[in-house]
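Accompanying notes for the structure given below.
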2 protein chains.
Amino acid sequence: MITIPYPKGHKIKVRNKIVESAAQAFRASGIQDVSVPFIMKGAGLTHGGFYAHFDNKEQLVAEACRYAISDTIALLRKVADQEKQNPKINTVIDYYLSPYHRDNTEMGCIIPALSGEISRCSEEVRQVFTSELERMVSFISTLAEVDTSKGSALFSTMVGSLVLARSVNHSELSDNLLSAGKKYAKELAMT
Amino acid sequence: MITIPYPKGHKIKVRNKIVESAAQAFRASGIQDVSVPFIMKGAGLTHGGFYAHFDNKEQLVAEACRYAISDTIALLRKVADQEKQNPKINTVIDYYLSPYHRDNTEMGCIIPALSGEISRCSEEVRQVFTSELERMVSFISTLAEVDTSKGSALFSTMVGSLVLARSVNHSELSDNLLSAGKKYAKELAMT
DNA sequence: TATAATATATTATGATCATCATATTATAAA
DNA sequence: TTTATAATATGATGATCATAATATATTATA
């Protein structure tokens, strides 16, 4: 006789909450700066239960990356679908390089947020990152109606502009970095 | 009577060695992942002496960033001056987006290496980063003979391409990201 | 060679981390 | 209501960190 305490699907829901908490914290503060206790607190739990859900922190990093990028692609798709007149890619570029996206790292695209750190992660994490990045480039290329070569250069410009705009300590310079990125990303998409 | 133990300028030399060790380690492994003891070992010292040279780790981060970016600009200047025929900017783009630069993070440009992490550093570090980035954009713009708006978009493309090329776990995709970045960065510089 | 001042090493402190062992709580079914 | 057990919490472990206090080593000059 098998008894099932706690409602059906309870553990999966909690697990998802942990992944969401981690995805937000990693984007806000990087991977190394965020502790397991902090992530668990963000999910409304204490640190001890973590290892009932994940083998180790690295596994959570991989899941959080997958979750965050999928989420961002879905959001950008929604942003693109809202606009009917302009080239849709322009709407996406405008959103990606908006002050709002720059200033709300914890809710935004995880690629510029973690960027440099990913190259130092485990193979498992990099594998997830690679396949999700391919999906992102594919999405951008399709939307801009360009081949994936131009699409990847376009996305590189978007990522680079956002990263630089976030790193400087001078709001006017930061705005200019965003504006320049927007202008030339759109040019690239059109030619 | 003032006696001067240790050769004149000894401490400054040691201090510079610490900065160099830090600049290399930070580029290779990020800021948070690199400990003060590790940096001191890299300079041939033990950790205790650190606070005779710096108030805290953050101060070293600022100095290491300044050192690394200046060093990179000087290197790119040398790379540009070697080539007499092609547009010099193309030589710099080719170097910046070469597999060599991608694969030797610890010797390369610190901007893509730390990228996301800088936005979470102290004001002091971000101030250094801001002024050094301005110098970099100015250098690139002058070399490409474009205004700083286009120059910053150009550098953003270079940084973004390198960051993405380093983060993926698939060498062909990584090479393609570099190639696409090179192609469209050069196009941007020429139009 | 002895000395005085400086540079570096050794050791200590208190905090935080990932991870694990064990205790407690919550709840579906009997 | 009781019971069995899954889910979570508490507390512990050993490692590593930034930083500081103190001890030792180094060397230019007297």
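Chain A is the first sequence line, chain B the second, and so forth, proteins listed ahead of strands; every chain is numbered from 1.
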Task: Between dA20(D) (P) and F54(B) (CZ): distance, integer Å - done: 15 Å
Open item on the list: Of the options dT8(D), dT19(C), dA18(D), whose atoms approach the side-chain atoms of K57(B) most closely?
Closed with: dA18(D)
- [ ] Establish, with yes or no, whether the OP1 or OP2 oxygen of dC17(D) is under 4.0 angstrom from a side-chain nitrogen or oxygen of S35(B).
- [x] yes
Open item on the list: Nearest whole Å is fine: how far is dT8(D) P from R15(A) CZ?
Closed with: 12 Å
Task: Rounded distance (Å) that lies between atom P of dT19(C) and atom CG of N56(A) - done: 5 Å
Task: H47(B) NE2 to dA20(D) C1', straight-line distance once rounded to whole Å - done: 10 Å
- [ ] Tell me, yes or no, whether the heavy-atom count around K17(A) atom NZ, taken from other residues, nucleotides or ligands under 6.0 Å, exceeds 12.
- [x] no
Task: dT19(C) OP1/OP2 closer than 4.0 Å to side-chain N/O of Y51(A) - done: yes
Task: Heavy-atom donor-acceptor pair, E117(B) side chain to I31(B) backbone, under 3.5 Å - done: yes
Task: Pair of N/O donor and acceptor under 3.5 Å linking dT8(D) base with H10(A) side chain - done: no
- [ ] Take the protein atom NZ of K41(A) and the nucleotide atom C1' of dT8(D), then report the distance between them rounded to whole Å.
- [x] 16 Å
Open item on the list: Looking at H53(B), I'd like to know whether one of its side-chain N or O atoms comes within less than 4.0 Å of OP1 or OP2 on dT8(C).
Closed with: yes
- [ ] Anything under 30° is parallel, anything over 60° is perpendicular, the rest tilted; go ahead and classify H101(B) against Y95(B).
- [x] parallel
Open item on the list: Nearest to the side chain of V36(A), heavy atoms from C-beta on, is which of dA7(C), dT19(C), dA9(D)?
Closed with: dT19(C)
Task: Nucleotide dA18(D), atom C1' - distance to CZ of F38(B) in whole Å - done: 17 Å
- [ ] Give a yes or no on whether Q59(B) atom CD has more than 12 heavy-atom contacts from other residues, nucleotides or ligands under 6.0 Å away.
- [x] yes
Task: For L188(B), the option from K150(B), M158(B), K183(B) that meets side chain to side chain contact (heavy atoms under 4.5 Å, CB included) - done: K150(B)
TODO: Measure from CG on L45(A) to P on dT25(C) and round the result to the nearest Å.
DONE: 16 Å
Open item on the list: Between P on dT16(D) and CD1 on I39(B), what's the gap in Å once rounded to a whole number?
Closed with: 17 Å
Open item on the list: Can you tell me the base-pairing partner of dA15(D)? Count Watson-Crick or G-U wobble geometry only, both distances below 3.5 Å, and say none if there is no partner.
Closed with: dT16(C)
